[in-house]
Amino acid sequence: MSQQGDEEHEFDFRWAAEAEHKEPSARARMLAARWKENPPEPAPFRADPDPVGPRRSSWVSTAIVLGCVAAVILLLGYAQTRSPY
């Protein structure tokens with residue numbers, strides 16, 4: 001076989017897109033075979049997510065974090081004043 005012909009071809013995405021026949025991917029072939037026997041049931045485009053529960057507002061979360069930080073600062077200050085050295 002001569003490699004002179006290969007040098008003239010440009011193998012890129014444009015060349016592949018212009019191909020007359022494209023073989024389906026292995027996943028596409030697998031799904032087609034599976035769906036031929038057992039077609040999928042229709043599903044909504046985007047299903048509604050399951051309700052998780054009521055969410056806390058952002059200011060409540062901020063207050064909890066700031067309260068924890070203040071408690072740690074006070075605890076460290078108290079521990080420092082009680083140290084013997």
Side-chain angles (χ1 to χ4, degrees):
M1 297 190 138
S2 173
Q3 292 184 354
Q4 293 175 351
D6 290 342
E7 294 173 358
E8 296 174 6
H9 291 287
E10 184 178 340
F11 297 101
D12 59 1
F13 292 113
R14 187 182 66 231
W15 175 81
E18 294 173 356
E20 292 181 20
H21 175 73
K22 294 182 185 177
E23 183 177 330
S25 67
R27 179 168 174 76
R29 290 190 309 264
M30 177 202 62
L31 289 175
R34 182 185 301 169
W35 290 346
K36 191 179 288 186
E37 299 171 5
N38 186 14
E41 296 182 16
F45 177 69
R46 289 184 185 234
D48 292 333
D50 296 333
V52 178
R55 292 189 53 172
R56 274 188 280 190
S57 64
S58 63
W59 70 269
V60 173
S61 298
T62 304
I64 290 173
V65 169
L66 291 177
C68 290
V69 169
V72 168
I73 290 172
L74 290 174
L75 183 65
L76 290 175
Y78 177 74
Q80 189 177 13
T81 59
R82 301 289 295 177
S83 64
Y85 52 96

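Note: hydrogens, waters and symmetry copies are ignored here, and every other heavy atom, side chains too, is used. Sequential numbering from 1 along the given sequence is applied to the chain's residues.
- In terms of the side chain to side chain contact (heavy atoms under 4.5 Å, CB included) criterion, residue partners of Val72 (sequence neighbours excluded) are, by chain and number, Leu76.
- Residue Val60 is found in a hydrophobic cluster whose other members, listed by chain and number, are Trp59, Ile64; membership requires side-chain heavy atoms under 4.5 Å apart, directly or through intermediates.
- Residues forming a side chain to side chain donor-acceptor pair (under 3.5 Å) with Trp35 (at least two apart in sequence, or on another chain): none.
- By the side chain to side chain contact (heavy atoms under 4.5 Å, CB included) test, Ala28 pairs with Pro24, Ser25, sequence neighbours left out.
- Through side-chain heavy atoms spaced under 4.5 Å, either directly or across other Ile, Leu, Val, Met, Phe, Trp or Tyr residues, Leu66 is tied to no other residue.
- Evaluation of the salt bridge (Lys or Arg N to Asp or Glu O under 4.0 Å) test over residues 32-42, restricted to residues two or more places apart or in two chains, returns none.
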